[in-house]
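Computation of the quantities below employed the complete heavy-atom set of this structure, encompassing side-chain atoms and omitting hydrogens, waters and symmetry-equivalent molecules.
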Amino acid sequence: MNLSDSWAARRPVTARVSAAEAVLADLRDAITSGELSVGERLPSEASLAARHGVSRSVIREALRSCHALGLTETKSGLGTFVVSDSIARDLDFGNYAANELVEARPHVEIPAAGWAAQRHTGEDLAALRGLVDQMRDEDDPLVWVSLDAQFHAYIARTSRNRVFESVIVDIREALTRQSETLNLVAGRQQKSNDEHDRIVDGIASGSYDKAARAMAEHLDAVRVALESVVGEGSPDHRR
């Protein structure tokens, strides 16, 4: 039995958080403390699932966020390895990095929300309200992040600007991964629900400025959350 298997065999201390949050926190603590060292292969998904008493889909959710934080890397056919003991300065969400999303999204989603306010139909508004209602009632974090991506894509579609819509479709997977990680690390889900409500209210008002402002506030809150996550991994923050 190697060191990582020995670590996986011990039950973790649990808290009142979601299953995936608990798994991610456990992995982060083990990696940043050196208990799972750089270069070491993580235990198998089956071992991690047994350690936490959760499904392998929950383990995969936590592992995706662990990778996004720059702590691990999966090598095809070999497993997942620890590559750093601190959070990366720029998070990895698949095809795009966090900084790229932060820089680009305001140029697309703020005007998209504004035009959606002026161009939406009753059917559009009903669909958007339906999505925010589903998100507020949704307990499954994976379903929630999928709905979140649908919400942002629908606003772009409602803007009646195909360029905006095409951009959001292109970055949709990255947005899903970003939401997934921020929900696990920064507890963003409930805050996002509230911000989404204000965006829909802005669109419903018919005011370009009100809808654009609500989207700008949402994107700014996401930016601050990302900065806080990166800050947690900096040497100064850990001292």
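- Between H67 and T72, the closest heavy-atom pair is ND1-O, 3.1 Å.
- Proximity of a side-chain donor or acceptor of N99 to a complementary backbone N or O of D90 within less than 3.5 Å is not detected.
- In this structure, F151 is not a member of the same hydrophobic cluster as V167, with clusters built from ILVMFWY side-chain heavy atoms closer than 4.5 Å.
- Separating the CG atom in D133 from the CG atom in L147 is a distance of 11.0 Å, to the nearest 0.5 Å.
- No path of Ile, Leu, Val, Met, Phe, Trp and Tyr side chains, each step under 4.5 Å between heavy atoms, connects W144 with V54, placing them in separate hydrophobic clusters.
- A salt bridge links R223 with D220: the closest approach of a Lys/Arg side-chain nitrogen to an acidic carboxylate oxygen falls below 4.0 angstrom.
- Counting only distance, with no hydrogens or angles, the side chain of S33 and the backbone of A30 share a donor-acceptor pair below 3.5 Å.
- Atoms CZ and NE2, from R105 and H218 in turn, are 5.5 Å apart once rounded to the nearest 0.5 Å.
- Residue V38 is tested with L71, I31, V83, V82 for a side chain to side chain contact (heavy atoms under 4.5 Å, CB included); the sole match is V82.
- Under the 4.5 Å side-chain criterion, counting only non-hydrogen atoms from C-beta, F81 is not in contact with E73.
- Contact detail for P106 and E103: the closest heavy-atom pair is CD-O, 3.8 Å.
- At distances below 3.5 Å, at least one donor-acceptor pair connects side-chain atoms of S44 with backbone N or O atoms of S47.
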**Asked** side chain to side chain donor-acceptor pair (under 3.5 Å) between D194 and Q190: does it pass, once the steps are laid out?
**Response** CA-CA 7 Å; D194 294 339; Q190 183 57 53; 3.3 Å; yes
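- Distance alone, capped at 3.5 Å, is enough to place a donor-acceptor pair between the T176 side chain and the R172 backbone.
- Here the straight-line distance linking atom CG of L182 with atom OG of S228 works out to 7.5 Å at 0.5 Å rounding.
- With hydrophobic clusters built from ILVMFWY side chains whose heavy atoms lie under 4.5 angstrom apart, V185 shares a cluster with V102.
- Distance alone, capped at 3.5 Å, is enough to place a donor-acceptor pair between the H120 side chain and the A117 backbone.
- Closest approach of R56 to A49, counting heavy atoms only: CG-CB, 4.1 Å.
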Pairs of donor and acceptor atoms involving the side chains of residues 57-64, under 3.5 Å and at least two apart or interchain, shall be tabulated with distances.
residue: S57; atom: OG; partner: S55; partner atom: OG; Å: 2.9
residue: R60; atom: NE; partner: E45; partner atom: OE1; Å: 3.2
residue: R60; atom: NH2; partner: E45; partner atom: OE1; Å: 3.4
residue: R64; atom: NE; partner: E180; partner atom: OE1; Å: 3.0
residue: R64; atom: NE; partner: E180; partner atom: OE2; Å: 3.4
residue: R64; atom: NH2; partner: E180; partner atom: OE2; Å: 2.7

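- Side chain of S166 to main chain of V163: no donor-acceptor pair is present (N/O by atom type, distance under 3.5 Å, no hydrogens or angles).
- Within the 4.5 Å cutoff, the side chain of E109 has heavy atoms near those of the I168 side chain.
- There is a path of hydrophobic side-chain contacts, each under 4.5 Å, that joins I87 to L36.
- Under a cut-off of 6.0 angstrom, the local environment of CG in D137 is crowded, with over 12 non-hydrogen atoms contributed by other residues, nucleotides or ligands.
- The minimum heavy-atom distance between A113 and A211, with the atom names listed, is O-CB, 3.4 Å.
- The shortest non-hydrogen separation linking G206 to Q118 is O-CG, 3.9 Å.
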**Request:** Give the C-alpha distance, both sets of side-chain angles, the deciding distance and a yes or no for side-chain contact (heavy atoms from CB on, under 4.5 Å) between Q178 and L226.
**Result:** CA-CA 9 Å; Q178 178 176 271; L226 285 165; 3.5 Å; yes
**Asked** Could you go step by step and tell me if I199 and I203 meet the side-chain contact (heavy atoms from CB on, under 4.5 Å) rule?
**Response** CA-CA 6 Å; I199 291 169; I203 291 172; 4.1 Å; yes
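- Using a 4.5 Å heavy-atom cutoff, the side chains of V23 and L27 are in contact.
- Proximity of N161 to W115: side-chain heavy atoms (C-beta onward) are nowhere separated by under 4.5 Å.
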**Request:** Show the numbers, then the answer: is there a side-chain contact (heavy atoms from CB on, under 4.5 Å) between R129 and D201?
**Result:** CA-CA 9 Å; R129 291 205 186 280; D201 287 343; 3.5 Å; yes
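- Between R188 and D148 there is no salt bridge, since no side-chain nitrogen of the basic residue lies less than 4.0 Å from a carboxylate oxygen of the acidic one.
- With contacts defined as side-chain heavy-atom distances shorter than 4.5 Å, the pair I155/M215 qualifies.
- Both L184 and L48 sit in one connected hydrophobic cluster of ILVMFWY residues. Membership requires side-chain heavy atoms under 4.5 Å apart, directly or through other members.
- By the 4.5 Å heavy-atom criterion applied to side chains, H196 and H152 are counted as neighbours.
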**T32/S86 under side-chain contact (heavy atoms from CB on, under 4.5 Å): CA gap, chis, key distance, verdict** = CA-CA 6 Å; T32 57; S86 62; 5.9 Å; no
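- Annotation: side chain of F93 is not in contact with side chain of I171 (no heavy-atom distance under 4.5 Å).
- Here Y208 contributes atom OH and R119 contributes atom CZ; the two are 9.0 Å apart, rounded to the nearest 0.5 Å.
- With a 4.5 Å cut-off on side-chain heavy atoms, T121 and R160 count as touching.
- Here OG of S65 is found 11.5 Å from CG of D92. Values are rounded to the nearest 0.5 Å.
- Annotation: the span from L101 atom CG to L175 atom CG amounts to 6.0 Å, rounded to 0.5 Å.
- The local environment of CD in E123 is sparse, with at most 12 non-hydrogen atoms from other residues, nucleotides or ligands closer than 6.0 Å.
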